[in-house]
Every structure is written in structure tokens, then in C-alpha cells.
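Written out below as C-alpha cells is the structure these notes cover.
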Amino acid sequence: MTADATDLPQGTRPSLLMRLPGRDFPWISVTILVGVLLLAFIGPWVSPWQPQALDLRSAFNPPVWVEGGSWAHPLGTDNLGRDILSRIIAGTRISVIVAFWAIVLSGALGTLIGMIAGYFGGWADIVIMRLVDIQLSIPPLALALILAAVLDPGLQTVVIVIVVTYWSWYARIVRGEILSLREREYVALARIAGCGPVTIFTRHLAPNIVNTLLVLATLQVGQVIIFEASLSFLGLGIQTPQISWGVMLADARGYITNAWWAITMPGIAIMLTCLASNLFGDWLRDVLDPRRKQL
Amino acid sequence: MLLEAQDLKKHFETRKGVVKAVDGVSFALEPGKTFALVGESGCGKSTLAKLMLLLERPTSGSVRFRGREVSSLRGRALRQFRREVQAVFQDPYSSLNPRLRVGKIIAEPMLAQGDLSRAEIRKRVEEALEVVGLPTTAARLYPHEFSGGQRQRIAVARALAVRPEVVILDEPTSALDVSIRAQILNLLSDVQDEFGLSYLIIAHDLALVEHFSDATGVMYLGNMVEQGPTEAVFGAPAHPYTQALLASAPRPDPDHVLPTDVIIGEIGSAMNVPSGCPFHPRCPQRTAQCETVQPERHVSAPGAWARCHLLHGPAPRPASLRPDQLERTST
């Protein structure tokens, strides 16, 4: 036949993993996120002290770079002489567990609901979107107060509150994506081929919203960590013998004038993790943007 | 008759009113033949194609396949119909899912039918690729690795692989480079002969339609205004709209000046279709009758008809008609 018919491209593009580094890759953010993840798993083995170990003789030890500090407690100790570094390391576990479950559950629920609203439209869409509007009009902390009063405070409650708050995020964005995807000709052609709604969802719609979900989830990490800390700080989340960054803030609040490090150190941990996940999410959004896919 | 529309209507309810996208259209596609639908944007051609593909359910009227009503089919019976009627769309970039390999794209209709073994499907994919002039190795690649013309070949291969009776072509070449268009049209012609396919083609390009189709229907605001064998419709257009459409087509002649007085104003709104003949506000030959009475079909040539009062016996000579218009519009 003709040149057009036979000139096939020889090489294929390098895989996504190969293309990722290099383009303004956020090394610092990724290092912090990987570090947090790693500490969540191996924390008990690398932490210098037992996070719960009391030592009242060394209460309020300052960090090592402040006069009176020592390498025994690099980030200092709190009012009960507990090692702050060890407690921050122990807190990563709660943060990672909360972030993981909250994001997976709210993402799955919101995505499913958003897909139904976007694909079927009509009444399903109207009802779901009004629910989303209602959800968005309720302040998350007010909702948390109600839920925490009904349920027992704790890890589960934190996850439930976050899922109830964030599903609408996913539902709204996924609905928008599906609304545009469903008008693509290949979706109409799939129907002409005889595919049912389930096949169209799983083969044509879901794979094309993965990028969006990935970015959304990454950006949500920071928010979830702050949310957990806020709830725990208010006493509605993780309760004291368990350790989370929010619990540490709450515990150290009373001594902020004479032991600033006890509240500052977990605060910095929260800030760095959120900043890292947001910067990484921004970068991911730029890289996965189809308009930048010419490379 | 293979595929037929009978008094097909599709009205969309919107907040502002009812849009009569297709308003009582009938036509029939004969086995092995090509029927072309022409008309300007917004005349309802694409909605009509969606109705024939059972992507939309008609408001009233019927779609018949081999004489059997199909527009209300569901489930298994609908899937059976899907095997017989396939489609190729306009935009080869939007019609192939970027995340599927070409082999999977072509296999999709067969997978949905679910009655062929994997080996059989692979064999048919390879055959289909060969028919459209692509190497069988193309099956392992992704759509973005192909040019627009190659992608359209893939779309054709996919439509052919289930061995349908009818292929509905919705502007199959208008998104392609001019140099590629002829190749795709030749390919479509070749496979039509080889497999005895029937085509329903929707097109803007009148030269393409004249060359490619056996019968032509001209649509205006959801109505079929003229229909018949392509030679009759193109050779002796009877409806003023068809005349205007043909006169407005560009010609490969630098001295040719497009006439500006064969049609007045812009296409009307399908939400507020004019009374009487829907074309009357734009028709330079309109009479008082056109504003109130919807014209019947009048035979204009053997096997052809047009909905125009001018064809009804000795038409009353319209006041607004100037002789020079008549001359120009009849070319």
C-alpha cells in the first residue's frame, strides 16, 4: 500500500517510571515522604528510646543545640522526660495509618459515587450533587464534634470523620472527569461494540481518571495529617497513651513557655510532611497533565 | 431493506423548550449500497446516526433492521444487533482509547459478543489489520504511535472485524489531511465490495458524497427535504435548499464566485422550527403557502422526491423570484 499505511513507528516511548526523574523532580519532598513512610514501618527498631519511657529526672531537657541539651535526647524531652525524637518516630505510624485508610476509603467511596453521578446523569446526578453541596457546607470540625460524640474517640473515628468529609472532594472531581470522558467517541464506540456499563467503567473510564486520582490523593496526604492532628489536639481523635503528632501538640501545650521544643518539634514534623506531600502532588499534577505529554 | 428509519423523531426536552433534532425522517438503506446524509451543521444528521446506532432511543417512529423493529431492543437481542451494525467516527484521536493496545481495540466488539475463542479473535484481528493495509505487528502498539490516517485505518479494522452488515460512517474523512482522505475512501470502497457492506455515510463534503454514494438524503432542521438516487439529487436538485447547498460548494475554479443570493441568513433553531416549510424564511422562492402549509413529498425524478410546494403541479409564480436566480440555482 502507501507510505502512510506501512511506516510504523519502530521504538516506543520509555516507560513512565523512566521519564519521571529529571524534570524538576522534587528530590527533597520525595526524600521526606519516603523517610516518613520508612519510619512508620521500622520505627520501633531505630527509635533511640521507648516512646513511652518516663524519666522524670530528665524532664524538660532542651534539644542538643540549646545550652543544657545533650545527644542522649537530640530533640529534647517533654514534661515527663519522654524522648521527643522517639515519640515523633512513633507518631509517624499513626499518621501513615490514618492517611492510608482515610485516603483509600474516601477515594474509593467518592470515586464510585462520582462515577455513578457522571455516567448515569439524570436523577442520580442531581441527588448526588445536592448531597455533595450539603457536605461541603458543613464545617468539617463541627461534623467531627458530632461524630466524636456519637462514636468513641480514637483512630477509627478519625478515619471515619475524614472519609465523611473528603468523599465529596473525590465525587465532585471524578464526576467532572467522567462527564467529559463519557463524550469521547471511544465510549460511544464501546457501546456500539456491545460492551455493558461495567466494561465501559473498568476499561474506558476508570483507567483514564487514575492520574487525577493520584494527584488528588497526594495532595490530600497533607490535609489528612493536619486533620488528624487537629482532632487529636482537640481530644476528639487519638487518645493519650497512643502517640500521634496531634497528641504531642496537645500534651505540650501547657508548657509552651518553658519548653518550646516539646510543641515545636512535632509541629515541624507536621509541617515538613504536609509541605513535602503538597510539593510532590503539584509536581505530579504537572507531569501527568496530558498537555505536557509531548515528550 | 436492510436498515430503515420510519418517521423517526428525536426531541430533546431542555429548560428553554423542546429541541426537535430529528423530526419525522424516513429512509432505507439497501444491501450493499451506500446512503449519504448531507446538510449543514445542526441539521440533525449526527443525531439521526445515533438513533440508527441505537445510542439514543427515538421519541417516536421506528428503526428497522431486516424488517424487524430494533429501537426498543435490550440485553441479548441488542447485542445481536450490535454485531450487525458498526460505526466509524470522525475523529480518529478521540475514537481510540489511548490506554488500550491496538489489538485490544480491534478485538473489543468480538470480546463483547463473547462467542469466539481467543485464538480465533487473534486471527481475526490480524486479518482485519491486513485488510486495512497495516502490518499485523501494529496490534501490539498503542494508538498514539500512529498517524491520523493510520488511526482511521485501525477504526475501520475494528468495525470490520465482527463482520457486520452495515457500517455507519460519521464524517469518516473530515478530520484527515486531504492527501489521506482519498486513501481512506478507497479503502472504504474496497472493503465494501469485498464484504458486501452497506454504508450510511454522513458528510459535509458534497464532492465525496456525489462520488461515493448510491442514494442521498438532504436534511434541513431535522427534516429530510429531498431524497433520491445520487445522480438525480446532484444532477437535478429539486429543492431550493439542495440547490443552494450545491451552489455553495467550493469548486476547483479560481474564477468561480460563490453565489450569495441562493440562501438567506443563518440556519434556524431546531427549538423553534418555522411553520409550514422549515426552509421558508431562507428561501428566495418562497410563497405565502410556504409559510403556513408543510409541503408533501413530490416526485421530482424517478425514485426521487422533494418536499417543496414549487413541485406541486404548475406552481404559482413566486413574486420574489428573479429569472437570474433560477438560472444559477439550476446548475
Side-chain angles (χ1 to χ4, degrees), chain A residues 1-16 19 119-123 125-126 177-214 288-295, chain B residues 50 53-55 75 78-83 85-100 104-105 107-114 132-135 137-138 140-150 153 155 158-159 162 164 168 170 177 179-180 182-184 186-187:
Chain A
M1 268 241 187
T2 57
D4 172 63
T6 48
D7 285 352
L8 279 186
Q10 292 306 306
T12 57
R13 294 192 308 175
S15 76
L16 186 67
R19 287 181 296 128
Y119 188 73
F120 292 107
W123 278 108
D125 188 31
I126 292 170
E177 288 273 301
I178 296 292
L179 276 182
S180 103
L181 282 174
R182 137 187 121 151
E183 297 305 318
R184 301 282 161 90
E185 289 183 343
Y186 59 76
V187 174
L189 283 166
R191 286 179 63 198
I192 292 165
C195 298
V198 176
T199 311
I200 290 175
F201 263 165
T202 54
R203 191 181 291 159
H204 297 289
L205 299 180
N208 285 301
I209 57 170
V210 165
N211 286 356
T212 311
L213 289 178
L214 215 58
L288 296 178
D289 187 342
R291 276 164 298 186
R292 284 188 48 173
K293 262 191 188 152
Q294 294 93 336
L295 291 180
Chain B
K50 281 185 181 157
L53 285 162
L54 307 190
L55 289 176
L78 178 60
R79 207 159 56 230
Q80 200 63 37
F81 171 81
R82 298 276 186 224
R83 178 200 299 275
V85 181
Q86 285 294 307
V88 174
F89 284 162
Q90 173 176 6
D91 182 0
Y93 290 87
S94 153
S95 61
L96 310 179
N97 184 341
R99 292 185 179 263
L100 296 182
K104 182 88 176 255
I105 289 172
E108 186 168 51
M110 293 181 278
L111 290 168
Q113 293 295 340
V132 300
L134 289 171
T137 50
R140 290 197 305 273
L141 301 175
Y142 285 96
H144 70 257
E145 300 174 85
F146 296 88
S147 69
Q150 289 170 334
R153 286 173 192 274
R158 169 190 164 105
V162 262
I168 294 183
D170 190 348
D177 288 345
S179 56
I180 309 294
Q183 291 178 16
I184 295 294
N186 287 338
L187 170 67

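Letters go in sequence order (proteins before strands), and every chain restarts at 1.
- For the set B:Gln90, B:Lys104, B:Glu108, the count of heavy-atom pairs under 4.5 angstrom toward chain A peaks at B:Glu108.
- Taking each heavy atom of B:Leu100 and A:His204 in turn, the nearest pair found is CD1-CE1, 3.8 Å.
- Evaluation of the side-chain contact (heavy atoms from CB on, under 4.5 Å) rule for A:Pro207 yields B:Arg99 as partners, not counting sequence neighbours.
- Counting only distance, with no hydrogens or angles, the side chain of B:Arg158 and the backbone of A:Leu189 share a donor-acceptor pair below 3.5 Å.
- The residue among B:Leu55, B:Ile168, B:Leu111 with the most heavy atom pairs within less than 4.5 Å of chain A is B:Leu55.
- Across B:Gln86 and A:Ile192, no two heavy atoms sit closer than the pair NE2-O, 3.3 Å.
- Here CG of B:Asn97 is found 11.0 Å from CD1 of A:Ile200. Values are rounded to the nearest 0.5 Å.
- Contact between A:Cys195 and B:Ala112 at its shortest, heavy atoms only, is N-CB, 3.9 Å.
- Put simply, the side chain of B:Ser95 never gets that close to the backbone of A:Glu185: no donor and acceptor are under 3.5 Å apart.
- Remark: B:Gln113 pairs with B:Arg79, B:Arg82, B:Arg83, B:Asp115, B:Val162 by the side-chain contact (heavy atoms from CB on, under 4.5 Å) rule, at least two apart or across chains.
- Taking every heavy atom of both residues into account, A:Tyr186 and B:Pro98 meet most closely at CE2-CD, 3.7 Å.
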